[in-house]
Amino acid sequence: LRSLVPVAIGACVLAACDAGEQSTSASTTLDAKLAPPVGFVTSQPAQARALSPSATLKPIITVGDPIPGQQGQTDPELRVYAPYPDGLGAYPDGGDLVVFTAHENARGGSSSADGTNRFRYARISRLVLDAGSLGVKGGSYPVHPGMGGPFAQLERFCSATFAGAAENFAPGWFFTGEEQRNSTSTTVAVSQDGSQAKVLPWLGRSAHENTISVPGFDGGKVVMIGLDDAGWQSELYMYVGNSAADVLGGSGTLYVFKATSTGAPAGSALMSVGQGITGDFVEVANPEQSWDELNASAQALGAFPFVRLE
């Protein structure tokens, strides 16, 4: 199963349509190694090529393809794999591989052939793949605009992370965030079985590129690193909780990185190749303030300005 995980994650977002000889032969070679298909497999060719002779690609699902088990949904947008697949996270579940996708839809959605805008606002899909054949057995949207409330108008989910036992999040949570500079930008978490979804504004209302959980802390402590993709004034954030419940419930503490080394440049754009800096993480007093307020607070604390942390 471990050898199939990177193949499945890499292929999950492949759509149409590079039908080059190299891509086709690589997929054919992989197909010969896999079990007979269980579930749905896209008919579209790969949108990428394997540059290494040891790498193979297999397209699994393409934007607009049906999600097995969802054809009875009243909302037609919940029946298919949505546009703008971005961040991914996955975990093995018996003989299956569960793959989450953060879809980077904005409020304007996608223009359709009839001139209407569809797939407005961001969403998170959860697909169940047969690990032996990489066929899609089923799926759902644990986060979508139709849920209303805090999930109604989320925008531009970007990179993502799945955190499990190693990060003290057993049995597992999927994290992604809005890459937006506005007063409501937030991080979203989904439980491994898709039954729970939470918004986590206390992780900071930055332009979220990714929120990464750091493994290896004893006693259940959780440390998460937040990457702010706000151009020339991007901050590096850290959220610390004594447990996963602290992080999911907002009982932890938000920090921002401040350079303390002598002669540190005014920002990462002024650093030379090979240059390093040292510093500390300083506490942010009000983590749920708007993006403008958080940015101003971070600068007042002396936060080191990076350039588009990704």
Side-chain angles (χ1 to χ4, degrees), residues 5-6 8-15 47 60-65 67 70 77-78 80-91 97-110 118-129 136 139-147 150-164 167 169 172-182 184-201 203-213 224-230 237 239 247-248 308-310:
V5 170
I9 294 175
C12 179
V13 297
L14 296 180
Q47 198 179 11
I60 293 174
I61 192 166
T62 294
V63 169
D65 277 343
I67 298 177
Q70 298 301 304
E77 293 185 5
L78 300 181
V80 299
Y81 193 63
Y84 306 112
D86 199 316
L88 298 166
Y91 70 94
L97 179 68
V98 179
V99 179
F100 287 92
T101 306
H103 297 262
E104 197 176 358
N105 305 65
R107 69 177 59 232
S110 303
R118 299 180 181 176
F119 296 97
R120 299 180 64 211
Y121 299 108
R123 57 206 70 205
I124 296 171
S125 61
R126 179 182 184 272
L127 302 178
V128 179
L129 277 59
V136 182
S140 61
Y141 284 97
V143 171
H144 62 87
M147 295 167 63
F151 307 102
Q153 295 185 347
L154 297 169
E155 293 191 67
R156 298 189 60 220
F157 288 153
C158 200
S159 302
T161 299
F162 185 85
E167 297 83 11
F169 272 109
W173 285 80
F174 175 77
F175 295 90
T176 188
E178 296 179 277
E179 196 178 20
Q180 292 286 100
R181 305 181 204 176
N182 58 32
T184 59
S185 179
T186 190
T187 301
V188 177
V190 179
S191 61
Q192 54 91 24
D193 62 358
S195 65
Q196 300 179 68
K198 300 176 178 288
V199 293
L200 313 178
L203 267 63
R205 296 191 184 279
S206 61
H208 302 281
E209 175 62 37
N210 204 352
T211 301
I212 301 168
S213 190
M224 306 198 77
I225 301 298
L227 306 181
D228 175 32
D229 188 10
Y237 291 95
Y239 194 85
V247 174
L248 297 171
R308 298 199 64 184
L309 286 169
E310 295 205 16

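Sequential numbering from 1 along the given sequence is applied to the chain's residues. Keep in mind the model is a prediction, meaning the values are calculated, not measured.
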So which heavy atom on Glu167 is nearest to which on Gly164, and how close?
OE1-N, 2.7 Å
Report yes if the side chains of Tyr121 and His144 come closer than 4.5 Å at any heavy-atom pair, otherwise no.
no
Would the distance check show the side chain of Glu155 and the main-chain N or O of Arg107 forming a donor-acceptor pair, the cut-off being under 3.5 Å?
yes
Is any side-chain heavy atom of Tyr81 less than 4.5 Å from a side-chain heavy atom of Ser125?
yes
Should Trp173 and Gln196 be marked as a side-chain contact (heavy atoms from CB on, under 4.5 Å) after you check the CA-CA gap, both sets of side-chain angles, and the distance that decides it?
CA-CA 9 Å; Trp173 285 80; Gln196 300 179 68; 3.9 Å; yes
Start with the C-alpha distance between Val98 and Leu129, add both sets of side-chain angles, then the distance that settles side-chain contact (heavy atoms from CB on, under 4.5 Å), and finish with yes or no.
CA-CA 6 Å; Val98 179; Leu129 277 59; over 6 Å; no
Of Phe157, Tyr91, Phe100, the residue whose pairing with Phe174 passes ring-ring contact (aromatic ring centres under 6.0 Å, His included)
Phe100
Exactly one of Arg308, His208, Gln180 should register a side-chain hydrogen bond (donor to acceptor under 3.5 Å, both in side chains) with Asp229. Which one does?
Arg308
Measuring from Arg123:CZ to Tyr84:OH, what's the distance to the nearest 0.5 Å?
11.0 Å
May I ask you to test the Thr187-Val199 pair for a side-chain heavy-atom distance under 4.5 Å?
no
What heavy-atom pair brings Pro85 and Thr101 nearest, and what distance separates the two atoms?
CB-CG2, 3.6 Å
Looking only at heavy atoms, the pair that brings Gly194 and Arg126 closest together is N-NE, 3.9 Å
For Glu209 and Asp228, indicate whether the former's side chain and the latter's backbone hold a donor-acceptor pair under 3.5 Å.
no
Write down the atom of Phe162, the atom of Gly89, and the distance for their closest heavy-atom approach.
CB-CA, 4.0 Å
In the structure I gave you, are the side-chain heavy atoms of Leu127 and Ile61 within less than 4.5 Å of one another anywhere?
yes
d(Glu104 CD, Cys158 SG) to nearest 0.5 Å is 4.5 Å
Please evaluate residues Phe169 and Gln192 with respect to the criterion side-chain contact (heavy atoms from CB on, under 4.5 Å), reporting the C-alpha separation (whole Å), side-chain torsions for both, the decisive distance (0.1 Å), and the verdict.
CA-CA 10 Å; Phe169 272 109; Gln192 54 91 24; over 6 Å; no
Within the structure provided, determine whether Thr161 and Thr211 are in side-chain contact (heavy-atom separation under 4.5 Å).
no
Just by distance, do the side chain of Asn210 and the backbone of Ile212 share a donor-acceptor pair under 3.5 Å?
no
Over all atoms of both residues, closest heavy-atom pair of Pro83 and Asn105
O-OD1, 3.3 Å
May I ask you to say whether Glu179 pairs ionically with Arg156, meaning some side-chain N is under 4.0 Å from a carboxylate O?
yes
Within the 4.5 Å heavy-atom criterion, are Gln153 and Arg120 side-chain neighbours or not?
no
Of all heavy-atom pairs between Ile67 and Val80, which one has the smallest distance, and what is that distance?
CD1-O, 3.5 Å
Does any non-hydrogen side-chain atom of Ser185 lie less than 4.5 Å from one of Arg181?
no
Hey, could you give me the OH/CE distance between Tyr239 and Met224, rounded to the nearest 0.5 Å?
10.5 Å
Does any part of the side chain of Ile124, heavy atoms only, come nearer than 4.5 Å to the side chain of His103, both counted from C-beta?
no
Given 3.5 Å as the limit, does a donor-acceptor pair link the side chain of Ser159 with the main chain of Gly87, or not?
no
